[in-house]
> 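One structure, pasted below without further comment.
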Amino acid sequence: MLPYTIRTIICPIDLSETSLNALDTAVSLAKRHEATLVMLNVIEAGLEFLGDDSSFSSFANLSHASDVLTALAGGIQSSHGIQPKVIQEEGHVAAVIMKTVLRQQADLVVIGTHGASGYRDGFIGSNTYSVFKHSGCPILAIPPKRKYTTFRKALFPIRPVIGALARYDVLSQFLAPNAALDVLGLSYRQMERETNVLDKILEEIRPQLQSDNVRGRTIWGEGESISEDILKYSQYYFPDLIVITSVLDVTTKPNFVGPHTQKILNASKVPVLSVKRVNVPSLV
């Protein structure tokens with residue numbers, strides 16, 4: 001498996017406050033990795049947008065939206081020294097995003113959460129959900145009202161199986177120097193909790209952690225519910241990034257977004273990085 005690198009980032013923008021907040025994160029990542037940033041604006045007849053501020057949604061459909069996007073891209077170039085590519089297209093939002101991911105061979109989608117029209121606070125919209133469900137590349141979901149331009153403490157929930165941290169190579173592209181990584185064990189089996197199984201799994205990536213100057217530690221969840229353990233940890237230990245993989249929800253469908261993943265996406269107050277499954281079938 002080739003190492004994960006960030007060369008092309010797609011950030012869907014409907015000019016809402018939420019999507020512009022996600023754009024700030026996308027700009028920071030593009031600058032750090034010298035990656036191409038694609039600002040994607042989708043005009044959809046149904047006006048079901050990715051943001052949470054309906055006052056901006058109608059504005060995004062005006063004929064001069066392209067001028068606003070061009071000015072926004074110019075401001076990014078002037079302030080950050082990177083020149084975003086602006087794409088405007090009509091169609092269904094989620095479908096256009098996925099088509100653009102394929103056409104641009106994107107390595108990452110940075111998307112705002114919470115608030116497609118009609119959704120109450122704390123729930124992702126249907127377009128964001130569809131992108132999470134179908135995208136083959138990592139998705140970084142950014143909640144509104146707080147800026148995230150660097151990540152210094154990540155939570156990586158895992159089932160206690162060999163290779164559970166295999167996608168640390170993805171996470172490593174987001175962490176700042178001297179960052180902390182907390183590996184949260186998700187299991188109700190007392191036998192697993194009484195052994196050093198989590199430490200063994202962490203040791204698999206110890207050389208990468210040392211190379212990245214990242215501090216790693218392990219901790220067990222309470223074993224009540226996968227999603228509840230993750231959200232409870234987030235509430236008390238304040239990570240600024242949660243990593244989820246589809247193996248959190250046991251399924252044979254590689255693109256399935258199951259109930260635990262969906263609940264985390266709905267309730268998380270911090271960014272969530274979604275990485276699709278890798279094969280981790282064997283118990284330690």
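Everything quoted here is computed from the prediction, not taken from an experiment. Only this structure's heavy atoms are used, side chains among them; waters, hydrogens and symmetry mates stay out.
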> Testing the basics here: between Val272 and Phe132, what is the closest heavy-atom pair and its distance to 0.1 Å?
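For Val272 and Phe132, the tightest heavy-atom pair comes out as O-CZ, 4.5 Å.
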> Does the distance from a Lys or Arg side-chain N to an Asp or Glu carboxylate O, for Glu34 and Arg7, drop under 4.0 Å?
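Salt bridge: no.
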> If I take atom OG1 from residue Thr8 and atom CG from residue Leu37, how far apart are they, to the nearest 0.5 angstrom?
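Atom-to-atom, Thr8:OG1 and Leu37:CG are 10.0 Å apart.
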> Enter the distance from Phe156:CZ to Leu241:CG here, rounded to the nearest 0.5 Å.
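The CG atom of Leu241 is 10.0 Å from CZ of Phe156, to the nearest 0.5 Å.
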> Look at the side chain of Thr25 and the backbone N and O of Tyr148, then say whether any donor-acceptor pair between them is shorter than 3.5 Å.
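Here the side-chain-to-backbone pair exists.
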> Is the backbone N or O of Ile13 less than 3.5 Å from a side-chain atom of Asn41, with the two atoms forming a donor-acceptor pair by type?
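Answer holds: yes.
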> Spell out, yes or no, whether Val110 and Leu102 are grouped together once hydrophobic residues are joined by side-chain heavy atoms under 4.5 Å, including indirect joins.
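No, separate clusters.
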> Decide yes or no on side chain to side chain contact (heavy atoms under 4.5 Å, CB included) for Val96 and Leu40, but give the supporting numbers first.
CA-CA 9 Å; Val96 172; Leu40 175 63; 4.2 Å; yes
> Would you say the side-chain atoms of His33 pair up with the backbone N or O of Gln173, donor to acceptor, closer than 3.5 Å?
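Yes: the side chain of His33 pairs with the backbone of Gln173.
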> Pro12 versus Ser19: any side-chain heavy-atom pair under 4.5 Å?
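Not touching, per the 4.5 Å side-chain cut-off.
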> Knowing that exactly one of Leu209, Leu181, Asn178 qualifies, which makes a side-chain contact (heavy atoms from CB on, under 4.5 Å) with Arg215?
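One option only clears the test, and that one is Asn178.
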> Please tabulate, for side-chain N and O atoms in residues 73-86, each donor-acceptor pair with protein atoms closer than 3.5 Å (sequence neighbours left out).
unit_1: Ser79; atom_1: OG; unit_2: Gly75; atom_2: O; d: 3.1
unit_1: Lys85; atom_1: NZ; unit_2: Gln104; atom_2: OE1; d: 3.1

> Does Asp229 reach the main-chain N or O of Gly223 with its side chain, forming a donor-acceptor pair under 3.5 Å?
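Yes; at least one donor-acceptor contact below 3.5 Å.
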> Closest approach of Ile242 and Ser268, non-hydrogen atoms and distance?
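Here Ile242 and Ser268 meet closest at CD1-OG, 3.7 Å.
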> Would you check if the side chain of Asp24 reaches a backbone N or O of Lys147 as a donor-acceptor pair within less than 3.5 Å?
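A pair under 3.5 Å: no.
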> Taking all non-hydrogen atoms of both residues into account, name the closest pair between Pro160 and Leu186 and its distance.
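Looking at all heavy atoms of both residues, the closest pair is CD-O, 3.5 Å.
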> Can Asp240 and Lys153 be counted as an ion pair, charged N to O under 4.0 angstrom?
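Looking at Asp240 and Lys153, the cut-off is not met.
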> Closest approach of Arg32 and Leu175, non-hydrogen atoms and distance?
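For Arg32 versus Leu175, the nearest heavy atoms are NH2-O, 2.7 Å.
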> With side chain to side chain contact (heavy atoms under 4.5 Å, CB included) as the criterion, how do Thr18 and Ile142 come out once you've worked through the C-alpha distance, each side chain's angles and the decisive distance to 0.1 Å?
CA-CA 8 Å; Thr18 298; Ile142 306 297; over 6 Å; no
> Under the criterion side-chain hydrogen bond (donor to acceptor under 3.5 Å, both in side chains), I'd like the reasoning laid out for Asp212 against Tyr168: C-alpha separation, chi angles, the key distance, then a yes or no.
CA-CA 11 Å; Asp212 297 335; Tyr168 169 76; 2.7 Å; yes
> Are Leu108 and Leu29 packed together at the side-chain level, in the sense that at least one heavy-atom pair is separated by less than 4.5 angstrom?
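Yes; the side chains approach each other to less than 4.5 Å.
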> Minimum heavy-atom separation for Leu72 and Leu23, please, with both atom names.
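Taking Leu72 first and Leu23 second, the nearest heavy atoms are CD2-CD2, 3.6 Å.
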> Distance check, rounded to the nearest 0.5 Å: Ile97 atom CD1 versus Ser135 atom OG?
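OG of Ser135 is found 9.5 Å from CD1 of Ile97.
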> Is the shortest distance from a Lys or Arg side-chain nitrogen in Glu203 or Arg206 to a carboxylate oxygen in the other one below 4.0 Å?
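Arg206 and Glu203: salt-bridged.
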> Nearest 0.5 Å, what's the CD1-CG distance between Ile10 and Asp107?
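Rounded to the nearest 0.5 Å, the CD1-CG separation comes to 9.5 Å.
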> Rounded to the nearest 0.5 Å, how far does CD1 of Ile158 lie from CG of Leu165?
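It comes to 4.5 Å.
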> I'd like to know if Ile230 and Trp220 are part of one continuous hydrophobic network [Ile/Leu/Val/Met/Phe/Trp/Tyr, side-chain heavy atoms within less than 4.5 Å].
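Trp220 clusters together with Ile230.
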> For the pair Phe151 and Phe174, name the ring-plane relationship: parallel under 30°, tilted 30 to 60°, perpendicular over 60°.
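Perpendicular.
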> Under the side chain to side chain contact (heavy atoms under 4.5 Å, CB included) rule, what do Ile139 and Leu273 come out as? Steps first, then yes or no, please.
CA-CA 6 Å; Ile139 309 293; Leu273 174 64; over 6 Å; no
> Apply side chain to side chain contact (heavy atoms under 4.5 Å, CB included) to the pair Val101 and Cys137, showing each step before the final yes or no.
CA-CA 8 Å; Val101 166; Cys137 73; 4.0 Å; yes
> Mind checking ring-ring contact (aromatic ring centres under 6.0 Å, His included) for Tyr237 and listing every partner two or more places apart, or none if nothing turns up?
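Checked Tyr237 against ring-ring contact (aromatic ring centres under 6.0 Å, His included); matches are Tyr233.
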> Can you name the salt bridge (Lys or Arg N to Asp or Glu O under 4.0 Å) partners of Glu89, sequence neighbours left out?
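With sequence neighbours excluded, Glu89 shows a salt bridge (Lys or Arg N to Asp or Glu O under 4.0 Å) to Lys99, Arg103, given in chain and number order.
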> Just wondering, more than 12 heavy atoms not from Arg217 lying within 6.0 Å of its CZ?
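Count over threshold, so yes.
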> List the steps, then state whether salt bridge (charged side-chain N to carboxylate O under 4.0 Å, His left out) holds for Glu228 with Lys263.
CA-CA 9 Å; Glu228 290 298 331; Lys263 184 173 182 178; 2.2 Å; yes
> Ile219 and side-chain contact (heavy atoms from CB on, under 4.5 Å): which single residue from Val183, Leu184, Leu155, Leu198 fits?
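Result: among Val183, Leu184, Leu155, Leu198, Leu184 is the only option passing the side-chain contact (heavy atoms from CB on, under 4.5 Å) with Ile219.
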> Establish whether Val68 and Met39 are linked, either directly or via other cluster members, by ILVMFWY side-chain heavy-atom contacts under 4.5 Å.
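In one cluster: yes.
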> Between OG of Ser187 and CZ of Arg159, what distance do you get to the nearest 0.5 Å?
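So the OG of Ser187 and the CZ of Arg159 are separated by 9.0 Å.
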> What heavy-atom pair brings Pro138 and Val170 nearest, and what distance separates the two atoms?
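That closest heavy-atom pairing would be CG-CG1, 3.9 Å.
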